[in-house]
Amino acid sequence: MRVLRGLRVITRKAGVGNRRKVRELRHSSVSILSDGDVSVERIADLVGHSTPSTAQTVCRHQIRPVIVHGAEAMDAVFGNGDQPG
């Protein structure tokens, strides 16, 4: 229970509300590690999965490709800002 209470205090002070879940932090951490080219085996070990396949299938959500694809789509619609306005 201390972890949840601590998380609530931290997120409230950070201004992101107090309804965050530990699972969200875990998934975000895995995504960041994965994006930083940390091996799936190492990630699985860090988060306590018994096999790398669990980390691969359950937690390995890449955030950077989604952001990049979203930015590229917005550039296609609105332009990339290189042209004089």
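Values reported hereafter were calculated over all heavy atoms of this structure, with side chains retained and with hydrogens, waters and symmetry mates removed. For clarity, every value in this text was computed on a predicted model and none was experimentally measured.
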(request) Could you pull out the closest heavy-atom pair between Ala44 and Pro52, with the gap in Å? (result) CB-CA, 3.7 Å
How many angstroms lie between atom [atom1] of [X] and atom [atom2] of [Y], to the nearest 0.5 angstrom?
X     : Y     : atom1 : atom2 : value
Glu41 : Leu46 : CD    : CG    : 11.5 Å
Arg12 : Ile10 : CZ    : CD1   : 11.0 Å
Ile43 : Ile32 : CD1   : CD1   : 11.0 Å
Ser50 : Asp45 : OG    : CG    : 11.5 Å

